[in-house]
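What follows is a short report on a single structure.
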2 protein chains.
Amino acid sequence: MVIDFKQRTTVTLAEVAAAAGVGESTVSRVLRNHGSFSPKARERVLDAVERLGYVPNRIAGTLASAGSRLVAFVIPSLTNIVFPDVLRGAGGVLEENHYQAVFSVTDYDSEREETLVSAMLAWRPTAVMLAGFEHTEGTLKILRASGCRVVELLDTDGTAADLAVGFSNRQAGRASAEFLLRRGYRRLGYVGHDLDLDTRAGKRFTGFCEALNLAGSRLAGREIRAGASSVESGRAGLKQLLERAPGLDAVYFSNDDMALGGYFHCLSNGIAVPADLALFGHNGLDIGQAIPQPLASIRTPRVATGKLAAELVINEAPPQVADLGFELIEGATA
Amino acid sequence: MVIDFKQRTTVTLAEVAAAAGVGESTVSRVLRNHGSFSPKARERVLDAVERLGYVPNRIAGTLASAGSRLVAFVIPSLTNIVFPDVLRGAGGVLEENHYQAVFSVTDYDSEREETLVSAMLAWRPTAVMLAGFEHTEGTLKILRASGCRVVELLDTDGTAADLAVGFSNRQAGRASAEFLLRRGYRRLGYVGHDLDLDTRAGKRFTGFCEALNLAGSRLAGREIRAGASSVESGRAGLKQLLERAPGLDAVYFSNDDMALGGYFHCLSNGIAVPADLALFGHNGLDIGQAIPQPLASIRTPRVATGKLAAELVINEAPPQVADLGFELIEGATA
DNA sequence: TTGAAAGCGCTAACAT
DNA sequence: ATGTTAGCGCTTTCAA
């Protein structure tokens, strides 16, 4: 004899209705607290839910109602803390409103972005959140065709498809240069990671050079490293740069990770900061403020960006570009 | 006159079938490359899909087939890079297998964890991934009732509900202590963050103390900081500890973030590392290896944990505990 | 206030 | 190889 421990099929709304002695629609109304029902019906339903351990099936709910309450994030990286910060900002708001976050990672590859966006749309999300404005034609096309909201994050220098939340990287770059010039530095260098992939870093660099030109100055040296940003890359990058272009008095880095690497290079090699060499980063990470000399940087509104992005989507805000600005941290490395 | 730009209702499989002049099931078979169909049918279907810009609705597909291909991550934090690392490891594997990652963040609060797990189950995920073994009774109960796979991550010291992937924090703590003792340090201190919340850090500390006891030694001082780990907290923590317990020759930190803060404190205050004071962290973060003196630490298999966790779920592996071990980094701070 | 019933868009038998 | 059809578990009219 075979005892059939058949996988207990999960409890359905119909079973709850039966157990409570009411109709399915009543259960649905009670559970979503929508429409009208008697206190008595409510009680019986909740009681049955409790007894049976019913967990609503949102897959079914979504299919029936055509509103998924799923928000898709297609981000370049999880290693660069910038993106987890945005997710964190959005996460709180989404959760409060019973939305669910879904994500995938492009590794800064826009072809992959297209593939992933397309895969995401199969879940019929309420919105798709992307980094920046640079996407393939294909990505934009399928996004437009989908009819779902699109939020482009962490940039305002470009044309938004729908919603955009962030700050101007170009202006951040300019502000960084202006600060260094104001401080009296004249032989400025740059250490950055791959600018073609990280277009926002590219825009900062553009802004930085623009400000130099405006001041009748120009970059005295640059070192562009392949691959993503990292502390190690910043360290190696500064080393290279100083060998090739001696006599620099300040270096602008593509972000704080890179700048921290530069700082450590200076520490290791007896380069006095900022007396011998000034350093300037970007992002205003906490760790940059915890080193012996707080890093001069630009604090970016990462968490706030995620938060506002989620709010705009939830409130069905009209298409718009929200510039959250940034804040210059003078620090002690410049 | 009002032009009605009626929201174009999205294309359905039925429309594709009609356009291709085949039945719905043929479209379904072609699209999932499952079952049999003629090359000709295939071509007509793909053609129609292309023409109409059809994007399959996975909500509907999931409901019909009872396999969601959704994997839910309920993690303590996104700020602690450990968890993004795990997500990254899992993400690649999941994507290759057409699974989708969903996540929410508990902030190390197990009540919240319960709420979030419950909310996740409404999406009928294939698996739920959690940090560690410490969960409320309620969490375990709803998880068991759900019948979905459960993976507990980054710990092996405890009883697994189903699958577990990680390493032994307790052994990591012991190994850390043994290393410091072997190096000849005798007056050992500890700087940690909130151990009740981060139970894995707590287990490391336990293991550390055990090893000291075994060696007939004991902790010469400790500083436990409220809240989550951070560089700044480590810095302030070491400062406190050294004031209260002078004469220490080595300090063990709850993780690398904390240890980095300690290192910076030493740098700022002319404390020679390791001559005056040795430092030991945990996690083996890249940044710890990029500072002037590579941090002595334990490299943990974070990405590998995510990867294996995803693989086990996808392959429907039987319940098991996979210990991926860890690697001691001697570094230069001890 | 409540229940019956018609889908939502797809998959999976089951015929053919 | 392919089409027909019965659901998947809900939400939402629509009557009652």
Side-chain angles (χ1 to χ4, degrees), chain A residues 7-46 48-49 52-70 98 121-126 146-147, chain B residues 7-46 48-49 52-70 98 121-126 146-147:
Chain A
Q7 176 70 33
R8 172 85 187 79
T9 173
T10 46
V11 183
T12 67
L13 181 142
E15 300 178 66
V16 173
V22 301
E24 294 187 29
S25 46
T26 298
V27 176
S28 177
R29 284 187 287 252
V30 168
L31 258 28
R32 287 175 306 124
N33 195 26
H34 180 273
S36 57
F37 44 82
S38 60
K40 186 178 158 192
R42 185 187 127 91
E43 191 181 340
R44 298 175 62 175
V45 167
L46 295 182
V49 164
L52 303 180
Y54 171 66
V55 177
N57 183 333
R58 290 189 70 173
I59 297 280
T62 296
L63 182 59
S65 71
S68 79
R69 295 211 164 220
L70 230 33
H98 307 287
L121 289 175
W123 291 101
R124 299 295 187 267
T126 301
S146 76
Chain B
Q7 175 72 34
R8 172 86 188 77
T9 174
T10 47
V11 182
T12 68
L13 182 143
E15 300 179 69
V16 173
V22 301
E24 295 188 28
S25 48
T26 298
V27 176
S28 178
R29 283 187 286 251
V30 168
L31 259 28
R32 288 173 306 125
N33 194 28
H34 181 275
S36 55
F37 44 80
S38 61
K40 185 178 159 191
R42 185 186 125 90
E43 190 180 342
R44 297 175 62 172
V45 167
L46 294 182
V49 163
L52 303 179
Y54 172 66
V55 177
N57 183 335
R58 290 189 70 171
I59 297 282
T62 297
L63 182 59
S65 70
S68 79
R69 296 214 165 217
L70 232 31
H98 306 287
L121 290 175
W123 290 102
R124 299 294 187 271
T126 301
S146 76

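Chain identifiers are assigned alphabetically (A, B, ...) following the order of the sequence lines, protein sequences preceding nucleic acid strands; residue numbering begins at 1 within each chain.
Val16(B) is listed as a side-chain neighbour of Val11(B), based on a closest heavy-atom distance under 4.5 Å. You'll find the side chain of Val27(B) reaches within 4.5 Å of the side chain of Val22(B), heavy atoms only.
In the helix from dT1(C)-dA16(D) to dT16(C)-dA1(D), the rotation axis of the first five pairs and that of the last five pairs differ in direction by 30°, rounded to 10 degrees.
Every residue two or more places apart in sequence or in another chain that forms a side chain to side chain donor-acceptor pair (under 3.5 Å) with Arg32(A) is listed here: Ser28(A). For Ala14(B), the side-chain contact (heavy atoms from CB on, under 4.5 Å) partners two or more places apart in sequence, or in a different chain, are Thr12(B), Glu24(B).
Under the 3.5 Å distance criterion, the side-chain polar atoms of Ser146(B) are left unmatched by any main-chain donor or acceptor of Leu121(B).
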Name each donor-acceptor pair under 3.5 Å that joins a side chain in residues 56-67 of chain B to protein atoms two or more places apart or in another chain, with its distance.
| residue | atom | partner | partner atom | Å |
| --- | --- | --- | --- | --- |
| Asn57(B) | OD1 | Ile59(B) | N | 2.8 |
| Asn57(B) | OD1 | Ala60(B) | N | 3.1 |
| Arg58(B) | NH2 | His98(B) | O | 3.0 |
| Thr62(B) | OG1 | Arg58(B) | O | 2.6 |
| Ser65(B) | OG | Gly61(B) | O | 3.0 |

Validation: residues 38-46 of chain A side-chain donor-acceptor distances under 3.5 Å, sequence neighbours left out:
| residue | atom | partner | partner atom | Å |
| --- | --- | --- | --- | --- |
| Ser38(A) | OG | Ala41(A) | N | 3.1 |
| Arg44(A) | NE | Ala20(A) | O | 3.1 |
| Arg44(A) | NH2 | Ala20(A) | O | 2.9 |

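Here dG7(D) presents its C1' atom at 9 Å from CG of Leu63(B), a figure rounded to the nearest Å. What separates CZ of Arg69(A) from P of dC10(D) is a distance of 17 Å, to the nearest Å. As a whole-Å value, the separation of Phe37(B) CZ from dG3(D) P is 13 Å.
Using a 4.0 Å heavy-atom criterion, one finds that Ala41(B) contacts the sugar-phosphate atoms exclusively.
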Open item on the list: Walk along nucleotides 10-16 of chain C from 5' to 3' and tag each nucleotide B, S or - by protein heavy-atom contact under 4.0 Å, base first, then sugar-phosphate.
Closed with: BSB----
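At least one side-chain nitrogen or oxygen of Ser38(B) sits closer than 4.0 Å to the OP1 or OP2 atom of dT2(D).
Scanning all heavy atoms of the two residues, the minimum distance from Ser68(A) to Pro125(A) falls at OG-CA, 3.4 Å.
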